[in-house]
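A short worksheet on the structure shown next.
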Amino acid sequence: MKRYTLRSDPRRAETQFRIAYADELNPQQLAAATTLDGPVLVIAGAGSGKTRTLVYRVARLVEAGVPAGTILLLTFTRKAAQEMLRRATALVGGDCAQVAGGTFHSFAHLTLRRHGQGVGLSRDFTILDRGDSEDVINLLRGELGLDRKERRFPRKQAVASLFSMAVNCQTPLAELVADAYPHLEEHLDALSALHARYVEFKSSRQLVDYDDLLVKLHAALADEGLAERLGQRYRYVMVDEYQDTNRLQAEIVRRLAHAHDNVMVVGDDAQSIYAFRGAEIRNIMEFPQLFPGTRIITLDQNYRSTQPILDLANTVINRAPQQYTKNLFTTRGPGERPALIQARDEPEQSHFVAQRILELREEGVPLSEIAVLFRSSFHSFDLEIALSRRDIPFVKRGGFRFVEAAHVKDVLAHLRVVVNPDDTVSWHRILLLLEGIGPKSSQEILGRIRGNARPWDVLAASPGRGKSAAEVQRLARVLAEVAAAERPGEQIGRILTYYEPVLRRVHPEDYPKRERDLEQFATIAERYRSTTSLLADMALEPPTDSIAGVLAGDGDDEGVVTLSTVHSAKGLEWHTVFVLWVADGRFPSTYGARDDDDIEEERRLMYVAVTRAKDLLYLTYPIEAYDRGLGLVIAKTSRFLEDIDEDVLEPVALVDEA
DNA sequence: ACAAATACTATTTTT
DNA sequence: TAGTATTTGT
């Protein structure tokens, strides 16, 4: 077996490296970037140059002679991976692009396309996004007759998240229901039956949901031959945002790195905000036990924020009952105190933010350096209207996404049945669009075409009777054309020609808007060479902008304001940050939050929000808020910001200017 | 089979 | 409030 000898001894001549690592990094960062072999845990506080460190480490590995193709960089979003590799390439040039990088899910996807046969996957398996999974569950619920229960059966979203949680926490369904969802106990038998059917349905049709990607990769790695081969292929593994991995992901990392132990994980226990989908803070704390001999490096110098902003951040996080592993300090000078702004009502809050953004622009802050963050996507609705009225351009991240729109899903479904004729959910979806076909006829047709490699030929030959026959035949003809087409762009073109009349019939009131979305989608599709990768990307890395997209601004090059959920803002930074609705009940959101752990996650979320700001930070909330049911209520300051010394957080009352 | 009207309920964050 | 399940009418 080939071994690379790498020296991390600092006394060794640094002259063999083109980059002066010691000059460009602080001592902790340097240690992290130049410790190449063995397990390393980096605890990296907010704004501590984590990305910079990872970039320099990739550069260092490459400079030390490690082939870029043997480095695996797992990040939270693919964008993050691309950004790091771009910067590493700028440093050492050459082929850092060869580094394998992406999310756990995209890595699992690629690996399973190549090596999934051992766990029963063909090369053409289809990825179900969350909405698809819910559709399947809905379909099967009807099939099992569970919709006619005397007691209300939980709705499809609830069922889907239950199933998902069971996988991500590696807990049997029965146990999970007993512990976390006692109110569903009466449905346990039905849920178990549904779950079994769901699993069987997917595996018999080459359908794979998000969780299956991880489960199947994990299972594939149980094969020691494959684990060994992948260990050889990826000799240096790096994982970013490790605090947000779940048990399954941690186990995957362990199996991947087993052969060589060259694994670095980077994370911040104070920024763990994905427990709701099964993330385990314990992963980061227990990493040293999983990999004996782990070197632990802490990055606690903050380069991002001014001292006053950091003071507030530390105040927020230090009130947590559980103490975190570090305290941030900064070398950046003084600055303005963060302000807590009390508005009378939501319109006034929006007015303040919009007004202040205009002032900042006058003062020379580019719009691209301004962000408005919020706990939940809908918190920004009112502000969006206010910004539009003033012609302030913005993009919104998080919330309802492009590919979740019904019309985009419809078009994708046509493409999917061509790639995977077993994809019953997509068949069902496109058949229901035809006039004269309901669930009954759809089931009948599905029964006839099941298992056929070219079902559209079957449909063309025997389209059934009545007025739906012509419709079915038209569909069959289009699918045959699409199957024969070469490139994704051409395929989408053919589907759109067929689908647009359908769209007009189904959505007579707002089809123009939807047609514009589809044009945009066609443009995206043009960029792809293979249909499989287009479909995979739409499921795993969909365009991040919300459906509303960019509102037409003046088109100048100073950029646009970012509106984002705190979750989607992870890892990013701006000169000025506004946080909306810092009122108890909204942030922290007390909807599903029952126990203390949930509240602590909300606290970390607030910490993530405030540490996004470099220079200016405004926290706002309206006193008067409408609550469904209750009507007008008086809002209280978020409990995370209550009773904070005025030296740290400046209370501001808005003066009526009318 | 389907469309329209009505009743109801749970209400976040994302790969 | 909106998205969904159910009921009723064609």
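A note on names: the letters A, B, ... follow the listed sequences, proteins ahead of strands, and every chain is numbered from 1.
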If you write DNA chain B from 5' to 3' in dot-bracket form, with Watson-Crick or G-U pairs under 3.5 Å, [ ] for crossing pairs and | for pairs with another strand, what do you get? ||||||||||.....
Determine whether R247(A) and N168(A) satisfy the following criterion, side chain to side chain contact (heavy atoms under 4.5 Å, CB included), listing intermediate values before the conclusion. CA-CA 7 Å; R247(A) 283 182 58 176; N168(A) 284 303; over 6 Å; no
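- Separating the CD atom of Q157(A) from the P atom of dA5(C) is a distance of 8 Å, rounded to the nearest angstrom.
- The nucleotide whose nearest atom lies closest to any side-chain atom of I437(A) is, among dT12(B), dC2(B), dT15(B), dC2(B).
- Distance, R277(A) CZ to dT14(B) P: 9 Å, rounded to whole Å.
- Among dT12(B), dT14(B), dT4(C), the nucleotide with an atom closest to any side-chain atom of S589(A) is dT12(B).
- Nucleotide dT13(B) holds its P atom 21 Å from the CG atom of D597(A), rounded to whole Å.
- Phosphate proximity of dT13(B) to R604(A): absent, as no side-chain N or O sits under 4.0 Å from OP1 or OP2.
- Rounded to a whole Å, the CG atom of L74(A) is 13 Å from the C1' atom of dT15(B).
- In this pair, F276(A) lays its aromatic ring flat on the base of dT13(B), centres within 5.5 Å and planes under 30 degrees apart.
- For R319(A), the side-chain contact (heavy atoms from CB on, under 4.5 Å) test picks out T315(A), R603(A), D643(A), I644(A), with sequence neighbours left out.
- For D129(A), the side-chain contact (heavy atoms from CB on, under 4.5 Å) partners two or more places apart in sequence, or in a different chain, are D132(A), Y210(A), K409(A).
- With sequence neighbours excluded, no residue forms a ring pair (Phe, Tyr, Trp, His ring centres under 6.0 Å) with F201(A).
- Between H567(A) and Y274(A), the distance from one ring center to the other falls under 6.0 angstrom.
- Residues forming a ring pair (Phe, Tyr, Trp, His ring centres under 6.0 Å) with F374(A) (at least two apart in sequence, or on another chain): none.
- Put simply, CZ on F378(A) is 7 Å from P on dT12(B), counting in whole angstrom units.
- Distance from the side chain of H105(A) is smallest for dT15(B) among the nucleotides dT14(B), dT12(B), dT15(B).
- Picking from dT14(B), dC2(B), dT15(B) the nucleotide with the shortest atom distance to the side chain of T565(A) gives dT14(B).
- With DNA chain B read from its 5' end, the first of the two nearest nucleotides for L432(A) and H567(A) is the one closest to L432(A).
- For F578(A), the ring pair (Phe, Tyr, Trp, His ring centres under 6.0 Å) partners at least two apart in sequence or on another chain are Y618(A).
- Between the P atom of dA5(C) and the CG atom of N138(A) lies a distance of 6 Å, rounded to the nearest Å.
- dT4(C) and dT13(B) have their C1' atoms separated by 22 Å, with the value rounded to a whole Å.
- The side chain of T103(A) has dT15(B) as its nearest neighbour among dT15(B), dT14(B), dT13(B).
- Atom C1' of nucleotide dT4(C) and atom CD of E134(A) are separated by 12 Å, given to the nearest angstrom.
- The nearest whole Å value for the distance from the CG atom in L605(A) to the C1' atom in dT13(B) is 7 Å.
- With F125(A) as the aromatic partner, R113(A) meets the cation-pi criteria of under 6.0 angstrom to the ring centre and within 45 degrees of the ring axis.
- Of the candidates dT4(C), dT14(B), dT12(B), dT12(B) carries the atom nearest the E602(A) side chain, counting heavy atoms from C-beta on.
- Residue-to-nucleotide contacts include a donor-acceptor pair under 3.5 Å from the side chain of R375(A) to the base of dT13(B).
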